[in-house]
Student: 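Quick one: the structure is below, and I'll ask about it shortly.
Predicted, not measured: the structure shown is a model, and the values here were computed from it.
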Amino acid sequence: MRILLIAGAFNSLTQRVYAELGDRGHQVSVELVTRDTPLPEVVRRHAPDLIVAPMLKTAIPREVWSAHTCLIVHPGPVGDRGPSSVDWAVHLGAERWGVTVLQANDEMDGGDIWAAASCPVPDVGKSDLYRNEIADAAVEAVLAAVTRVASGAHRPQPQAELSDVAKPGRPRPPFRQDLRRIDWRSDPTDTVVRKLRAADSQPGVRDELLGDIWHLHGGHPEDTLTGPPGELLATRCGAICRATADGAVWIPELRPPRTPGEPGTLKLPATLALGDRLPPLPEVPAPIDPGDGPRTWTDIRYREDGPAGFLEFSFPGGAMSTDHCRRLLAAYRHACARPTSVLVLGGRRDFFSNGIHLHVIEAAADPAEESWANINAMDDLVHAVLTTTDRLVVAALGGNAAAGGAMLALAADEVWCRAAAVLNPHYRLMGLYGSEYWTYTLPGRAGPEVAGQLTARALPITAETGARLGLVDRILDCPAQDFAAQTAGLAARLASASSTQARIAAKKADRERDEAHRPLAAYRELELAQMHRIFFDPSQPYHALRRAFVRKEPAAATPAHLGPAPAGT
């Protein structure tokens, strides 16, 4: 079918629906919609067989939904209504939630139901839940609904015909800041964490800190550090630790409030955002392998299971600043000093990496210099992975990867992806040539022709397509919560396989052969020459594109590359 996706942004869920439908042979186009978009005219131009709205904040006009079947993806169970469904799921501590695909009509979230799917709600933040369990349920429901529409024989079920038992959800109001407010004097740690996690990506919890108003983003419990409720106790890896009524929480990021009429503000590591306002606090390191010790937070951990090592990392939004890269490189070197034959690199779930940290770059006194430092730190990390010849390195992608983060994964000997992961192995949309040795790894895996297509088209692909193109070696079709355990089992088997030592020996010989043919330094020099030109030329599109991205400036029009995609690509 010709399917038109309409969305407020080409966000993670929209990208996944786009890629999954394309894999199944549908011709998919995307239009980014605002209140000013002439949607009837847009729809006439596309002449779709079906319209799907994976993430839409504006109502579809009657002129459109009365003439076309329009499927709305609502991230809540049947009967749920309102714009803050996932926020409520986390805030309420729900054990299960769901996604409903319903037909657009005059009543917001009140249309006939084409499909629904349920999902568990693990103890994670809203954005992690949305990108994983909610997205899994959404894709299941969308694919079922599209199949039913295509059959021409299915009748969607009016919500009015459903009994109360069949409608586990209910209408809920917008989740405003008064509901998110933290009472630091009386709220226990678990309550504070739940409030922070229900707002972790957007909008954050509005709060007063050190005499100023901030939006707090993300929250992790701390069981050891204590102090007067509301007081700052320590820092760690850019995060701040703040005391609660019965313990403390780690808050990784802060954002100042947006002034009406002004551009969006930057979400930054908490210590960087506070700057000179931050009082003298101890930097309390976390053990790299805390084992079964008290609850505490760190963004990088290492553990071992016999001959397999696991270097786990999780950075907010998948962005890796210069500091993130340097700390991860130090941890990688520590892991490589351990007596293992397999090293697994990646998080337990959610983002693998999205490359350089555009928010930190935008906030820098000299964004060009910070861009240069960040890309070199990424390159140093990728180089360390590429030149590891005494063990097998596995990149484990429990979630999405893009740009330099996708290329970091390709530096490993094997790439293992959760089936739900979406890959964006390109840089063009940010006006960048790219580095991270992509001119060596991407053509080496996919071939020069496919590598050129991937970087030029700049479109998301599923893990399945990645495997077909040579970018992915193993797909794990499992829930997000099971990814780490399944990865651990596979890594243990790989480490004990009789062929592993032979593969390690062959790997060393292959690296020496490639180095003799063309040194890695030559690839890096070529890539960085292009990146230096872009970073230090204020007229290059990168600077305006970066600014628009981090300050959430709405797109003036739908980018041309989001037109009809060749089916199955």
Side-chain angles (χ1 to χ4, degrees), residues 11-12 86-87 90 124-131 177 180-182 184 189 192-210 212-222 230 232-244 248-258 263-279 281 283-284 286 296-300 313-328 347 350-351 353-364 370 374 399 405 546 549-552:
N11 71 336
S12 60
V86 185
D87 307 60
V90 176
V124 297
K126 175 181 71 170
S127 55
D128 184 339
L129 173 66
Y130 180 81
R131 283 187 293 268
Q177 284 294 341
R180 304 184 192 275
R181 187 174 297 117
I182 295 172
W184 292 97
T189 296
V192 173
V193 167
R194 192 164 62 249
K195 289 180 178 180
L196 290 169
R197 287 182 173 174
D200 65 347
S201 177
Q202 287 293 331
V205 174
R206 186 178 174 91
D207 194 35
E208 183 176 348
L209 178 64
L210 300 177
D212 289 312
I213 300 299
W214 296 92
H215 290 265
L216 319 181
H217 292 271
H220 306 274
E222 164 64 40
L232 295 183
L233 307 176
T235 62
R236 176 183 296 158
C237 305
I240 54 174
C241 186
R242 193 171 187 184
T244 65
V249 295
W250 289 97
I251 303 169
E253 294 184 312
L254 300 177
R255 178 177 60 85
R258 179 177 185 169
T265 54
L266 301 177
K267 185 165 47 177
L268 296 170
T271 57
L272 179 62
L274 289 171
D276 294 340
R277 303 177 185 86
L278 188 68
L281 294 171
E283 173 76 8
V284 180
T296 193
W297 166 86
T298 184
D299 51 12
I300 301 172
F313 60 94
S314 179
F315 304 126
M320 295 174 61
S321 68
T322 303
D323 176 66
H324 289 137
C325 294
R326 289 172 178 168
R327 289 192 290 107
L328 185 55
D350 204 24
F351 280 126
S353 170
N354 286 326
I356 60 176
H357 201 310
L358 299 176
H359 284 251
V360 171
I361 289 169
E362 179 70 11
E370 182 56 35
N374 202 165
R546 181 193 70 239
F549 175 79
V550 300
R551 297 191 183 279
K552 298 188 179 301

Student: So how far is it from L129 CG to D87 CG, rounded to the nearest 0.5 Å?
Tutor: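 One gets 10.0 Å once the value is rounded to the nearest 0.5 Å.
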Student: Do you know the tightest heavy-atom contact between P257 and R206?
Tutor: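 Nearest pair, atom of P257 first, then R206: CB-NH1, 3.6 Å.
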Student: Answer yes or no: is there a side-chain heavy-atom contact under 4.5 Å between D350 and V124?
Tutor: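 They are not in side-chain contact.
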Student: When you look at D207 and K195, which way does the salt bridge (charged side-chain N to carboxylate O under 4.0 Å, His left out) test go after all the steps?
Tutor: CA-CA 12 Å; D207 194 35; K195 289 180 178 180; over 6 Å; no
Student: If we only count heavy atoms from C-beta on, is the F351 to R131 side-chain gap below 4.5 Å?
Tutor: yes
Student: Is the closest side-chain heavy-atom distance between L281 and C241 below 4.5 Å?
Tutor: no
Student: Is there side-chain contact between H359 and E253, with heavy atoms separated by less than 4.5 Å?
Tutor: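 Heavy-atom side-chain distance check fails, nothing below 4.5 Å.
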Student: What are the two closest heavy atoms between G219 and V193, and how far apart are they?
Tutor: O-CG1, 4.0 Å
Student: Could you measure the distance from the OG atom of S314 to the NE2 atom of H220? Nearest 0.5 Å is fine.
Tutor: 7.0 Å
Student: Nearest heavy-atom pair of A364 and E370: which atoms, and what distance?
Tutor: CB-CB, 3.6 Å
Student: Are side-chain heavy atoms of Q177 and R180 found at a separation under 4.5 Å?
Tutor: yes
Student: Are the side chain of E362 and the backbone of H357 linked by a donor-acceptor contact shorter than 3.5 Å?
Tutor: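 Answer holds: no.
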Student: Show, in sequence, the C-alpha distance, side-chain angles and deciding distance for D323 and R327, and conclude whether the side-chain contact (heavy atoms from CB on, under 4.5 Å) test is met.
Tutor: CA-CA 6 Å; D323 176 66; R327 289 192 290 107; 2.9 Å; yes
Student: Can you classify the ring geometry of H215 versus H217 as parallel (below 30°), tilted (30 to 60°) or perpendicular (above 60°)?
Tutor: tilted
Student: Which heavy-atom pair separates N374 from S321 by the least distance, and what is that distance?
Tutor: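 Minimum heavy-atom separation between N374 and S321: ND2-C, 3.5 Å.
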Student: Are the side chain of R255 and the backbone of G264 linked by a donor-acceptor contact shorter than 3.5 Å?
Tutor: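 The answer is no, because no donor-acceptor pair under 3.5 Å joins these two groups.
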Student: Kindly assign one of parallel, tilted or perpendicular to the pair W250 and W297, based on the angle between their ring planes and the thresholds 30° and 60°.
Tutor: tilted
Student: Roughly how far, to the nearest 0.5 Å, is CG of L216 from CD1 of I240?
Tutor: 7.0 Å
Student: As a quick check of understanding, evaluate side-chain contact (heavy atoms from CB on, under 4.5 Å) for Q202 and S127, giving each step before the final call.
Tutor: CA-CA 8 Å; Q202 287 293 331; S127 55; over 6 Å; no
Student: Using 0.5 Å steps for rounding, measure from the CD atom of E208 to the CD1 atom of I213.
Tutor: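 Going from CD on E208 over to CD1 on I213, the span is 5.0 Å.
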Student: If you measure from NZ on K552 to OG1 on T265, what distance do you get to the nearest 0.5 Å?
Tutor: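 Reported value, rounded in 0.5 Å steps: 10.0 Å.
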Student: Of all the heavy-atom pairs spanning R242 and G230, show the shortest one and how long it is.
Tutor: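 Of all heavy-atom pairs spanning R242 and G230, the closest is NE-O, 2.8 Å.
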Student: Test V90 against D200 for side-chain contact (heavy atoms from CB on, under 4.5 Å), laying out the working first.
Tutor: CA-CA 10 Å; V90 176; D200 65 347; over 6 Å; no
Student: Quick check: closest heavy atoms across P316 and P252, and the distance to 0.1 Å?
Tutor: CG-CB, 4.3 Å
Student: What I want to find out is whether D128 reaches R197 closely enough, with some N-O distance under 4.0 Å, to be called a salt bridge.
Tutor: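 R197 and D128: not salt-bridged.
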Student: For a 4.5 angstrom cut-off between non-hydrogen side-chain atoms, does V550 reach I361?
Tutor: no
Student: Quick check: do L209 and L274 have side-chain heavy atoms less than 4.5 Å from each other?
Tutor: yes
Student: Run N354 and F315 through side-chain contact (heavy atoms from CB on, under 4.5 Å) and show every step you take.
Tutor: CA-CA 10 Å; N354 286 326; F315 304 126; over 6 Å; no
Student: Taking the side chain as C-beta and beyond, is there a heavy-atom pair between V360 and L272 under 4.5 Å?
Tutor: yes
Student: Could you measure the distance from the CZ atom of R194 to the NZ atom of K126? Nearest 0.5 Å is fine.
Tutor: 15.5 Å
